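What follows is one structure encoded as structure tokens, with my remarks underneath.
Note that the structure is a prediction, hence the values are computed from the model and not measured. Sequence lines set the chain letters: A, B, ... in the order given, protein chains first and strands last, and positions in each chain run from 1.
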Amino acid sequence: MSSALVETPCGPLGVVWDRDLVTRIELDPTPAFMQDATGPRPDWLLQPILNYFERPCARLELPVHVQGTAFQQRVWAELRQIPCGQTRTYGAIARQLGTSPRAVGQACRANPCPLVIPCHRVVAVSGLGGFAGDLHGRKLAMKRWLLKHEGVVLDGSLVADRPGSRDDRSRGGP
DNA sequence: ACCATGGGAGCAG
DNA sequence: CTGCTCCCATGGT
């Protein structure tokens with residue numbers, strides 16, 4: 001198992017791999033990860049990632065091995081079908097799969113390989129939804145950056161993190 | 001129980 | 001009719 005840091009326009013990326021397969025991508029690497037990530041960054045890992053940031057809509061050909069339940073694999077496969085520059089709502093994915101929007105959200109949250117599995121292209125029907133486990137803050141700024149980078153026009157509900165509601169406040173704030 | 005939701009009801013302008 | 005608030009059904013972990 002090896003790890004490396006890759007500097008990108010949207011922040012540092014932590015990448016973990018086993019032999020020649022990527023198992024995890026961290027959008028917000030912890031200091032502990034930074035210390036550990038001193039290994040070499042092989043070409044097969046670096047090139048596709050740098051290429052994505054240069055030309056986001058070219059195919060991202062990174063060999064990945066993602067572990068997840070059968071349901072999660074099903075959701076992730078569906079996310080990979082979303083074309084670059086487009087978004088889908090949690091509900092739309094859910095209908096397509098015959099499940100519920102929240103279940104889709106949970107599967108997105110469990111995604112170990114952002115970018116490769118483009119969960120940033122999934123948004124809520126009235127808001128941006130979450131990203132990398134968060135609903136507010138820096139990670140959401142990244143989500144916006146990625147979408148914009150891919151050519152999505154961020155209008156209306158997508159410019160803010162999430163429509164404020166008393167529901168959220170009573171369940172504990174950011 | 002917990003959720004990265006959605007749709008509907010009720011209410012004020 | 002529009003734009004808020006709640007409020008709860010939902011399906012997978």
Side-chain angles (χ1 to χ4, degrees), chain A residues 6 8-16 18 22-30 32-33 49 52-53 56-57 60 62 64-174:
Chain A
V6 182
T8 75
C10 84
L13 224 66
V15 186
V16 179
D18 195 4
V22 170
T23 59
R24 190 158 52 97
I25 294 179
E26 301 227 346
L27 282 170
D28 195 14
T30 62
F33 187 103
I49 293 178
Y52 168 80
F53 283 97
C57 288
L60 177 51
L62 199 60
V64 291
H65 174 70
V66 284
Q67 250 183 91
T69 66
F71 174 78
Q72 287 165 346
Q73 304 276 3
R74 224 152 57 88
V75 174
W76 298 339
E78 201 65 31
L79 300 196
R80 295 229 222 189
Q81 306 286 92
I82 307 174
C84 180
Q86 295 188 26
T87 60
R88 299 279 184 279
T89 62
Y90 297 98
I93 302 287
R95 279 195 302 277
Q96 216 146 38
L97 262 43
T99 180
S100 84
R102 285 199 98 133
V104 171
Q106 263 190 148
C108 290
R109 180 175 201 174
N111 171 19
C113 290
L115 307 189
V116 179
I117 297 165
C119 48
H120 57 280
R121 298 185 190 142
V122 188
V123 299
V125 78
S126 61
L128 192 59
F131 193 50
D134 275 326
L135 288 90
H136 320 271
R138 212 172 82 75
K139 308 234 180 110
L140 271 290
M142 283 189 199
K143 183 172 186 173
R144 248 184 247 106
W145 189 93
L146 290 168
L147 289 175
K148 203 171 157 192
H149 185 55
E150 294 183 353
V152 177
V153 280
L154 300 182
D155 61 341
S157 62
L158 295 188
V159 299
D161 277 12
R162 205 173 126 150
S165 85
R166 190 142 300 174
D167 288 12
D168 302 330
R169 282 193 280 274
S170 56
R171 284 190 216 131

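- For DNA chain B, the residues of residues 114-125 of chain A within the heavy-atom distance limit of 4.0 Å (strictly under) are A:C119, A:A124, A:V125, sorted by number.
- Taking each heavy atom of A:V125 and A:T89 in turn, the nearest pair found is CA-CG2, 4.0 Å.
- Under the salt bridge (Lys or Arg N to Asp or Glu O under 4.0 Å) criterion, A:R109 pairs with no residue, sequence neighbours left out.
- For residues 77-93 of chain A, proximity to DNA chain C is found at no residue, defined as any non-hydrogen atom under 4.0 angstrom from a strand atom.
- Of all heavy-atom pairs between A:P12 and A:P29, the closest is O-CD, 3.4 Å.
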What dot-bracket string describes DNA chain C from 5' to 3', counting Watson-Crick and G-U wobble pairs whose defining distances are under 3.5 Å, with [ ] for crossing pairs and | for pairs to another strand?
|||||||||.|||
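- Residues forming a side chain to side chain donor-acceptor pair (under 3.5 Å) with A:R138 (at least two apart in sequence, or on another chain): A:D28.
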All N/O contacts under 3.5 Å from nucleotides 9-13 of chain C to the protein, with atom names and distances to one decimal?
| unit_1 | atom_1 | unit_2 | atom_2 | d |
| --- | --- | --- | --- | --- |
| C:dG11 | O4' | A:S100 | OG | 3.0 |
| C:dG11 | O3' | A:T99 | OG1 | 3.3 |
| C:dG12 | N2 | A:Q106 | OE1 | 2.8 |
| C:dG12 | N2 | A:Q106 | NE2 | 3.3 |
| C:dG12 | N3 | A:Q106 | NE2 | 3.1 |
| C:dT13 | OP1 | A:T69 | OG1 | 2.5 |

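- The backbone N or O of A:G130 sits nowhere less than 3.5 Å from a side-chain atom of A:K139 that would complete a donor-acceptor pair.
- The side-chain contact (heavy atoms from CB on, under 4.5 Å) check on A:A94 picks up A:T99, A:P101, A:V104, with sequence neighbours excluded.
- Annotation: side-chain contact (heavy atoms from CB on, under 4.5 Å) contacts of A:E150 (sequence neighbours excluded): A:Y52, A:P56, A:C84, A:H120, A:R121.
- In this view, A:E26 and A:R24 satisfy the salt bridge (Lys or Arg N to Asp or Glu O under 4.0 Å) rule, not counting sequence neighbours.
- Legend: residues meeting disulfide (SG to SG under 2.5 Å) with A:C113, ordered by chain and number and at least two apart, are absent.
- Note that CZ of A:R144 and CZ of A:F131 are 11.5 Å apart. Values are rounded to the nearest 0.5 Å.
- Within 4.0 Å of A:A94, counting heavy atoms only, lies no atom of the nucleic acid at all.
- Under the rule for a side-chain contact (heavy atoms from CB on, under 4.5 Å), the partners of A:R95 that lie at least two apart in sequence or sit in another chain are A:A92.
- A:K139 places its NZ atom 12 Å from the P atom of B:dA4, with the value rounded to the nearest Å.
- Checked by atom type and distance alone, the side chain of A:K148 never pairs as donor or acceptor with a backbone atom of A:L154 at under 3.5 Å.
- Applying the salt bridge (Lys or Arg N to Asp or Glu O under 4.0 Å) criterion to A:R88, with sequence neighbours excluded, gives no partner residue.
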